[in-house]
Q: 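Quick one: structure below, then a few questions.
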Amino acid sequence: MVSTPVAAASGRQYLPALSENPSPNQYLLPLTARLKGQNLEIGGCELPELVERFGTPLYVLDEETLRQACRQYREAFVQHYPAESLVIYASKAWNCMAVCAIVGSEGLGIDVVSGGELHTALQAGLKPDTMYFHGNNKSVEELQLAVEVGCTIVVDNWLELKTLVELSSANAERPVRIMLRLTPGIECHTHDYIRTGHLDSKFGFDPEQLDDLFRYISQQPELNCIGLHAHIGSQIFELQPHQDLTGVMVQWLKKAAAYGLPVTELDIGGGLGIRYTESDDPPSIEAWVQVICQGIIAACEQQQVTLPKLIAEPGRSLIGSACVTAYRVGSQKTVPNIRTYITVDGGMSDNPRPITYQSVYRALIANKMNAPLTQTVRVAGKHCESGDVVIQEAELPETASGDILVVMATGAYNYSMASNYNRIPRPAAVLVNNGEASLILQRETYQDLIRQDCLPERLLPAGG
Ligand code: LLP
């Protein structure tokens with residue numbers, strides 16, 4: 001049977017892009033999504049076959065969409081920025097070895113926020129010279145590891161700065177590369193938990209302290225302050241806050257020059273949003289990059305500052321739309337005159353975003369793609385918690401137990417925030433491309449769940 005594009009065949013609203021250069025963050029399904037008869041196909045693999053082979057819940061990651069997003073960021077910078085630039089993947093969105101290896105092979109650097117993320121990226125073969133280590137409370141051990149490895153450390157506060165001076169004082173011939181994270185005082189409209197650029201944030205230095213910071217650093221030969229960083233928040237659809245940020249950051253850059261510091265890099269953070277529902281309308285990757293480049297170029301011209309090396313660190317917009325989560329439908333319950341609940345075999349442990357941020361997702365039935373949408377139901381998870389609802393109001397066709405329910409745009413902050421709540425094993429993840437499916441994360445087993453448990457001898461059942 002020939003694959004046909006979802007757009008043509010189903011007439012549904014959840015369409016992957018079929019235009020010439022689609023921006024992955026603007027579509028609910030991965031770019032390779034197609035219809036094959038009644039079935040949804042991604043990366044040339046039909047969903048029913050994937051779940052038959054790998055079980056459910058299953059994260060299905062489309063390699064092509066992820067690579068496209070990486071390329072669009074890189075190409076947009078090459079096109080719109082005449083000086084050096086680097087895109088680093090904010091791996092908190094989804095940190096695992098395969099994902100690190102893919103983004104690394106596309107020429108991206110990586111942003112890590114813990115020793116664990118750093119270790120994973122190293123194991124995946126990424127090079128420390130394009131690694132940036134963030135975090136507002138890095139432990140001494142984490143800092144030690146970062147210094148040894150030789151990645152750039154994005155310093156968040158005075159304690160960290162002073163700890164780094166101590167750690168590196170034995171090694172003045174190889175100064176530690178640092179950036180300073182500052183809170184730019186820029187407001188943007190997103191969920192409160194994911195706003196970071198306003199002054200009342202736990203992250204970063206107050207720009208009021210810049211003179212003190214630059215003075216201090218200029219007296220520390222162990223520290224090589226190469227750049228300045230800011231990140232204003234996540235899932236942002238407006239371009240204005242980032243444009244405003246460019247002006248603010250160039251002012252900081254100018255100040256550094258006055259202290260004779262070799263600060264030549266500006267890291268503008270991430271934050272570009274993706275489409276989770278039809279009403280979401282994020283700018284394309286290219287539009288976002290263009291606004292930032294133009295902003296930096298204009299501000300540098302105006303303030304007579306040499307163009308810095310420009311760094312951006314997107315997470316969600318690189319990987320969010322590249323993945324779907326496939327579940328099996330289980331029990332159903334109809335509360336007369338109120339609603340029908342359809343339960344899936346996962347929920348808040350594999351996608352904690354709905355319960356944490358009231359995030360809204362869309363779903364479809366991957367083995368009934370042509371069936372008309374006849375009902376609005378609540379898709380509930382299997383955890384012992386009333387709030388474990390994957391989708392409050394999902395429009396679905398007639399759905400039976402055993403059907404495959406797919407939730408779209410689950411690539412970012414799903415696996416990376418997954419838990420074992422209710423001792424539910426974390427799902428497997430499979431990478432699809434050109435009809436091939438490769439396991440990138442094994443499904444956890446019950447044995448994995450008790451791997452770290454210790455049962456002191458005195459608690460063993462008598463006679464055991
Ligand atoms: N850089 C820094 C310093 C960050 O803190 C973040 C995200 C990023 C880059 C990447 O931002 P993105 O391009 O992904 O928007 N768990 C929340 C999102 C938390 C974002 C944390 N920082 C969620 O599920 O919506």
Side-chain angles (χ1 to χ4, degrees), residues 23-25 66 69-70 72-73 86-95 99 103 108-114 117 131-138 152-157 179-184 186 188-198 201-205 227-239 241-242 245 249 266-276 280 282-285 288-289 292 311-323 325 348 350-361 407 409-419:
S23 188
N25 70 319
L66 175 56
C70 294
Q72 287 190 7
Y73 266 106
L86 177 68
V87 180
I88 60 181
Y89 167 57
S91 70
K92 65 195 71 120
W94 183 342
N95 183 292
V99 168
V103 298
L108 272 63
I110 197 153
D111 140 7
V112 296
V113 293
S114 68
E117 285 190 356
M131 283 183 190
Y132 291 71
F133 195 153
H134 289 273
N136 65 313
N137 191 23
K138 305 174 187 84
T152 303
I153 301 172
V154 185
V155 179
D156 192 273
N157 52 64
M179 277 194 161
L180 298 177
R181 176 169 185 168
L182 297 143
T183 32
I186 287 174
C188 55
H189 298 118
T190 186
H191 192 286
D192 247 8
Y193 292 179
I194 51 182
R195 276 191 323 155
T196 51
H198 53 305
S201 159
K202 71 169 183 169
F203 294 106
F205 293 97
L228 302 171
H229 169 277
H231 170 76
I232 56 177
S234 197
Q235 185 60 4
I236 301 171
F237 288 177
E238 306 154 282
L239 291 170
H242 277 99
L245 180 61
M249 291 188 85
L266 282 188
D267 180 343
I268 198 97
L272 172 61
I274 68 167
R275 173 168 285 178
Y276 287 104
D280 290 337
S284 67
I285 290 172
W288 188 84
V289 172
I292 283 166
I311 301 177
E313 49 187 30
R316 190 191 313 265
S317 51
L318 279 171
I319 202 163
S321 318
C323 180
T325 306
M348 61 184 284
D350 58 78
N351 182 0
R353 298 193 70 257
I355 200 167
T356 313
Y357 314 111
Q358 300 76 50
S359 305
V360 180
Y361 284 88
V407 175
T410 56
Y413 308 108
N414 272 232
Y415 167 73
S416 63
M417 293 175 70
S419 75

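Numbering of ligands and ligand atoms starts at 1, following listing order. Worth saying up front: this structure is predicted, and the values here are computed from it rather than measured.
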Q: Non-hydrogen atoms of Gly271 versus ligand 1: any pair closer than 4.0 Å?
A: yes

Q: Between the main-chain N or O of Ala412 and the side-chain N or O of Arg316, is there a donor-acceptor pair closer than 3.5 Å?
A: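 Between the backbone of Ala412 and the side chain of Arg316 there is no qualifying donor-acceptor contact (under 3.5 Å).
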
Q: Identify, by atom number and element, the atoms of ligand 1 in contact range of Ala90, meaning under 4.0 Å from any of its heavy atoms.
A: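 Answer, ordered by atom number: 8 (C), 9 (C), 10 (C).
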
Q: Please answer whether the main-chain N or O of Pro24 pairs with a side-chain N or O of Ser321 as donor and acceptor at a distance below 3.5 Å.
A: yes

Q: State which residues pass ring pair (Phe, Tyr, Trp, His ring centres under 6.0 Å) with Tyr415; sequence neighbours excluded, sorted by chain then number.
A: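 Tyr415 satisfies ring pair (Phe, Tyr, Trp, His ring centres under 6.0 Å) with Trp94 once adjacent residues are dropped.
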
Q: Out of Lys92, His229, Arg316, His134, whose heavy atom sits nearest atom 5 (O) of ligand 1?
A: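 Of the listed residues, Lys92 has the closest heavy atom.
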
Q: Tell me whether Thr183 contacts the main-chain N or O of Phe205 through its side chain, where contact means a donor paired with an acceptor under 3.5 Å.
A: yes

Q: Sub-3.5 Å donor-acceptor pair from the side chain of Glu313 to the main-chain atoms of Val87, do we have one?
A: no

Q: Under 3.5 Å, N or O to N or O, is Gly233 touching ligand 1 that way?
A: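 So ligand 1 has no N or O lying under 3.5 Å from an N or O of Gly233.
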
Q: Just heavy atoms, cut-off under 4.0 Å: does Asp111 contact ligand 1 by side chain, backbone, both, or neither?
A: side chain

Q: Where the closest heavy atom to atom 3 (C) of ligand 1 is concerned, which of Glu313, Arg353, Met417, Gln235 has it?
A: Glu313

Q: Ring centres of His134 and His229 under 6.0 Å apart?
A: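 Yes, they do, as the ring centres are separated by less than 6.0 Å.
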
Q: Heavy atoms only, cut-off 4.0 Å: how does His231 contact ligand 1, side chain, backbone, both, or neither?
A: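 Just the side chain.
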
Q: Quick one: OG on Ser91 to CG on Leu318, what's the gap to the nearest 0.5 Å?
A: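 The distance works out to 11.0 Å.
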
Q: So for Ala93, does at least one of its heavy atoms come nearer than 4.0 angstrom to any atom of ligand 1?
A: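 No, Ala93 has no heavy atoms under 4.0 Å from ligand 1.
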
Q: Against heavy atoms of Pro314, which atoms of ligand 1 measure under 4.0 Å?
A: 13 (O)

Q: Are any of the N/O atoms in Ser234 less than 3.5 Å from those in ligand 1?
A: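 Looking only at distances, the answer is yes, because the N/O contact criterion of under 3.5 Å is met.
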
Q: Consider every N or O of Tyr357 and every N or O of ligand 1, then say whether any pair is closer than 3.5 Å.
A: yes

Q: Answer yes or no: is there an ion pair linking Lys92 with Asp111, defined by an N-O contact shorter than 4.0 Å?
A: yes

